[in-house]
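Note sheet for the following structure.
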Amino acid sequence: MAIAHARPGQAIDVRPLGATLPQHKTTALFKAGDLEVMRLVLPAGRSLPVHQVAGEITVQCIEGVLDVTVEGTSHRLQAGELLYLAGGVPHGVMALQDASALVTVALRR
């Protein structure tokens, strides 16, 4: 079953998940012609392996602490911090604490 994405004009709750974080999974909030926004949910110690996408990316930490490795350099993101990545740049993400983040991807066709 496909996950329902938000419709244009629909408000999306992106507040911290708090104690309920372990019950949530990463989800795509919406996907439009050239933009996708996801809520990344990672329990402490979990990671996304190094990968790359064609378009530019932002990672905005909502809660917890993330370690984002970009071309071998580690960037520690805490709640309220945002990291911008150029398109095509290899990166990986590890949760140092239970964490959630908004990930925005500019889609390239």
Is the closest side-chain heavy-atom distance between His75 and Val70 below 4.5 Å?
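With C-beta onward as the side chain, the pair touches.
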
Between Val59 and Val53, is there a shared hydrophobic cluster once you connect ILVMFWY residues whose side-chain heavy atoms come closer than 4.5 Å?
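Val59 and Val53: one cluster.
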
In Å, rounded to the nearest 0.5 Å, how long is the span from [atom1] of [X] to [atom2] of [Y]?
| X | Y | atom1 | atom2 | answer |
| --- | --- | --- | --- | --- |
| Leu77 | Asp67 | CG | CG | 8.5 Å |
| Leu107 | Asp34 | CG | CG | 7.0 Å |
| His5 | Thr27 | NE2 | OG1 | 8.5 Å |

Could you give the side-chain donor-acceptor pairs of residues 92-100 under 3.5 Å, partners two or more places apart or in another chain?
| unit_1 | atom_1 | unit_2 | atom_2 | d |
| --- | --- | --- | --- | --- |
| Asp98 | OD1 | Ala44 | N | 2.8 |
| Ser100 | OG | Arg39 | NH2 | 3.3 |
| Ser100 | OG | Glu63 | OE2 | 2.7 |

Give the other cluster members for Leu21, using side-chain heavy-atom distances under 4.5 Å between Ile, Leu, Val, Met, Phe, Trp and Tyr residues; answer none if it is isolated.
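Under the 4.5 Å side-chain rule, Leu21 groups with Leu17, Val41.
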
Under a single-linkage rule joining Ile, Leu, Val, Met, Phe, Trp and Tyr whose side-chain heavy atoms are separated by less than 4.5 Å, which residues share a cluster with Ile62?
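Result for Ile62 is Ile12, Val14, Leu29, Phe30, Leu35, Val37, Leu102.
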
Looking at Ala28 and Glu36, what are the two nearest heavy atoms and their distance?
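Closest approach of Ala28 to Glu36: CB-OE2, 3.8 Å.
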
Specify the closest pair of heavy atoms between Val89 and His91, including all atoms of both residues, with the distance to one decimal.
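It is O-ND1, 2.9 Å.
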
By the definition side-chain contact (heavy atoms from CB on, under 4.5 Å), identify the one residue from Leu83, Thr104, Val103, Val68 that meets it with Ile57.
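Only one of Leu83, Thr104, Val103, Val68 forms a side-chain contact (heavy atoms from CB on, under 4.5 Å) with Ile57, namely Val103.
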
